[in-house]
Amino acid sequence: FEGLDAPARDLDAPLAAGYLGSLNFAKLHPHYVDFLTAVTIPGFTVRMIGDTTNQCVLQDQCRRAGQPELLEFRGYRTDIADELAAINIFPYLLNPHHYGTSENALLEAMAMGVVPVVLDNPAERCLVKDQETGLVVQTRDDFAAAISWLERHSSERQRLSRRATETVLKRFDISRTVAEFSQWYTTISTTDKAEIPFTSIFGHTPAEWFLANQRSPELFTDIQHLGTIDDNILHGLLEKTKGSVFHYSRYFPEDVRLVQWARRLETYAQHKQKS
């Protein structure tokens, strides 16, 4: 968190909301705009800091919701400290099936005292403690109520801000990380060497390696299951990287099954989009 020093937060400052991170719907909640439009605070807007993926889609959603000025797109920024210093709440609403783990963007915002409002997803639940270092919500209405509560209770907002900074800087201090890694390395280095039969775990071919890392391998092995895909899951499956079938088939083009699965999924997604 070097260079991410929490600024002095004005207790009476109005709400200033912002999001930092990917705008890809495999990460950002596909109904992000729908959540935001539930907020009834006059003039409520969200500063969007990050790549411009899906910017046109999000802008169109805002227009159709009758709030064309709801999102302010800042584009990609290398100096995130200035951007985070300009906001005080962090509506970080992610796809329930997102691939994230450590969520650096969330931790960076918390380190600078920006109060997070997150959905009750596994990764976020591990990083944000409700009513202590931020707010954890379940539904669209919960989210709107949380934002209104933060507006009305500026002293509570400041308490959450301070606690978020203190907790993140302590929990993820680099010296603590180094010490914990060193402990594991020491343990491993004193353990007897042994062969690990990876093929018995992951299989022998790239297609088998891919399936071994899927929560729902039947989506690829049985075409009948394609129609059961949840829209939130589909966004992740269509990623071109992140260990997707497209990622695997690009690296292992000689594996016929991977190529077939990639084409089948792409065809299904195109048909679904047209319908």
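Tyr268 and Val259 are not part of a single hydrophobic cluster, where members link through side-chain heavy atoms under 4.5 Å apart. A continuous path of Ile, Leu, Val, Met, Phe, Trp and Tyr side chains, each step under 4.5 Å between heavy atoms, connects Phe90 with Ile80, placing both in one hydrophobic cluster. Placement of Val178 and Leu169 in two distinct hydrophobic clusters is found when ILVMFWY residues are connected by side-chain heavy-atom separations under 4.5 Å, directly or transitively. In this structure, Leu4 is a member of the same hydrophobic cluster as Phe172, with clusters built from ILVMFWY side-chain heavy atoms closer than 4.5 Å. Residues Ile89 and Val33 fall within the same hydrophobic cluster, defined by Ile, Leu, Val, Met, Phe, Trp and Tyr side chains chained together at heavy-atom separations under 4.5 Å.
Contact annotation: the side chain of Phe143 never approaches that of Thr139 to less than 4.5 Å [non-hydrogen atoms, C-beta and beyond]. Val57 has its side chain within reach of Gln61: a pair of non-hydrogen atoms, C-beta onward, lies under 4.5 Å apart. Between Leu265 and Leu226 there is a side-chain heavy-atom pair separated by less than 4.5 Å. Looking at Phe73 and Leu23, their side chains come closer than 4.5 Å, going by heavy atoms from C-beta outward. Asp5 has its side chain out of reach of Met112: every pair of non-hydrogen atoms, C-beta onward, lies at least 4.5 Å apart. Taking the side chain as every heavy atom from C-beta outward, Leu237 and Ile229 approach each other to under 4.5 Å. Between Tyr32 and Leu94 the shortest side-chain heavy-atom distance does not fall below 4.5 Å. The shortest side-chain heavy-atom distance between Thr241 and Tyr99 does not fall under the 4.5 Å cut-off.
In summary, Glu239 and Lys242 do not engage in a salt bridge, as defined by a charged side-chain N under 4.0 Å from a carboxylate O. A salt bridge links Glu180 and Arg176; the closest N-O separation between the charged side-chain nitrogens and carboxylate oxygens is under 4.0 Å. One finds a salt bridge joining Lys272 and Asp231 here, because a Lys/Arg side-chain nitrogen approaches an Asp/Glu carboxylate oxygen to under 4.0 Å. Taking a cutoff of 4.0 Å between a charged side-chain nitrogen and a carboxylate oxygen, Glu103 and Lys27 qualify as a salt bridge.
A donor atom on one side chain and an acceptor atom on the other are found under 3.5 Å apart for Asp51 and Thr53. No hydrogens or angles considered: nothing links the side chains of Glu266 and His271 as a donor-acceptor pair under 3.5 Å.
From Glu69, atom CD reaches atom CD of Gln59 across 9.5 Å, with rounding to the nearest 0.5 Å. For the atom pair NE2 of His98 and CG of Asn121, the computed distance is 5.0 Å after rounding to the nearest 0.5 Å. We find the CH2-OG distance between Trp184 and Ser189 to be 13.0 Å, quoted to the nearest 0.5 Å.
Here the shortest heavy-atom pairing between Leu28 and Ser22 reads CB-O, 3.8 Å. Taking all atoms of both residues into account, the shortest heavy-atom contact from Ala26 to Gly236 is CB-CA, 3.7 Å. Minimum heavy-atom separation, Leu150 to Val117: CD1-CG2, 3.8 Å. Across all non-hydrogen atoms, the minimal contact from Ala146 to Val137 is CB-CG1, 3.9 Å. Across every non-hydrogen atom of Phe252 and Leu258, the tightest pair is CB-CD1, 4.1 Å. Contact record, Ala144 with Ala38: CB-O, 3.4 Å, taken as the closest heavy-atom pair.
A distance-only check finds no donor-acceptor pair linking the side chain of Gln138 to the backbone of Leu119 [under 3.5 Å]. Between the side chain of Thr228 and the backbone N or O of His225 there is at least one donor-acceptor pair closer than 3.5 Å. Of the possible donor and acceptor atoms, none in the side chain of Arg63 sits under 3.5 Å from a partner among the backbone N and O of Pro68. A distance-only check finds no donor-acceptor pair linking the side chain of Tyr76 to the backbone of Thr52 [under 3.5 Å]. Between the Asn95 side chain and the Asn232 main chain, a donor and an acceptor come within less than 3.5 Å of each other. Under a 3.5 Å cut-off, the side chain of Asn88 and the backbone N or O of Ala17 do not form any donor-acceptor pair. No side-chain donor-acceptor contact under 3.5 Å links Ser216 to the backbone of Leu219. Of the possible polar contacts, one joining the Ser161 side chain to the Gly113 backbone as a donor-acceptor pair under 3.5 Å is found. When atom types are taken as modelled, the side chain of Arg74 and the backbone of Leu20 share no donor-acceptor pair closer than 3.5 angstrom. Using a distance-only test at 3.5 Å, with no hydrogens or angles considered, a donor-acceptor pair links the side chain of Asp173 to the main chain of Ser175.
The local environment of CZ in Arg215 is sparse, with at most 12 non-hydrogen atoms from other residues, nucleotides or ligands closer than 6.0 Å. For Lys240, the NZ atom counts as densely surrounded, since its 6.0 Å shell holds more than 12 non-hydrogen atoms of other residues, nucleotides or ligands. Shown here is Arg263, whose CZ atom has no more than 12 heavy atoms of other residues, nucleotides or ligands within 6.0 Å. Residue-environment remark: CD (Gln270) exceeds the threshold of 12 foreign heavy atoms within 6.0 Å. Annotation for Glu254: atom CD counts as buried by contact number, over 12 foreign heavy atoms lying within 6.0 Å.
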Chi angles and distances behind the side-chain contact (heavy atoms from CB on, under 4.5 Å) call for Leu93, Val118: CA-CA 5 Å; Leu93 308 179; Val118 301; 5.7 Å; no

Pair Phe35-His31, ring-ring contact (aromatic ring centres under 6.0 Å, His included): steps then yes or no: CA-CA 7 Å; Phe35 275 87; His31 301 296; 7.9 Å; no

Candidate pair Gln67 and Thr37, rule side-chain contact (heavy atoms from CB on, under 4.5 Å), full reasoning: CA-CA 8 Å; Gln67 298 188 45; Thr37 56; 3.7 Å; yes

Worked verdict on Trp209 versus Tyr248 for ring-ring contact (aromatic ring centres under 6.0 Å, His included): CA-CA 9 Å; Trp209 305 338; Tyr248 268 80; 7.7 Å; no

Test side-chain contact (heavy atoms from CB on, under 4.5 Å) applied to Phe1 and Ile174, step by step: CA-CA 9 Å; Phe1 303 109; Ile174 189 63; over 6 Å; no

Criterion side-chain contact (heavy atoms from CB on, under 4.5 Å) on Trp261 and Leu211, from CA distance to verdict: CA-CA 11 Å; Trp261 293 341; Leu211 289 180; 3.6 Å; yes

Audit row: Phe210, Phe220, ring-ring contact (aromatic ring centres under 6.0 Å, His included) steps and yes/no: CA-CA 10 Å; Phe210 171 73; Phe220 299 93; 4.9 Å; yes

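Results of the side chain to side chain contact (heavy atoms under 4.5 Å, CB included) test with Leu36 over Thr45, Ile147, Leu71, Leu58 single out Leu71 as the only residue that passes. With Val115 as the fixed residue, the side chain to side chain contact (heavy atoms under 4.5 Å, CB included) test singles out one of Met110, Arg9, Gln158, Arg157: Arg157.
Sorted by first then second residue, the ring-ring contact (aromatic ring centres under 6.0 Å, His included) pairs that include residues 147-169, not counting sequence neighbours, are Trp149-His153.
For the salt bridge (Lys or Arg N to Asp or Glu O under 4.0 Å) test, residues two or more places apart in sequence or in another chain that qualify with Glu156 are Arg159.
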Please tabulate, for side-chain N and O atoms in residues 192-207, each donor-acceptor pair with protein atoms closer than 3.5 Å (sequence neighbours left out).
from	atom 1	to	atom 2	distance (Å)
Ser200	OG	Pro197	O	2.7
Thr205	OG1	Glu208	N	3.2

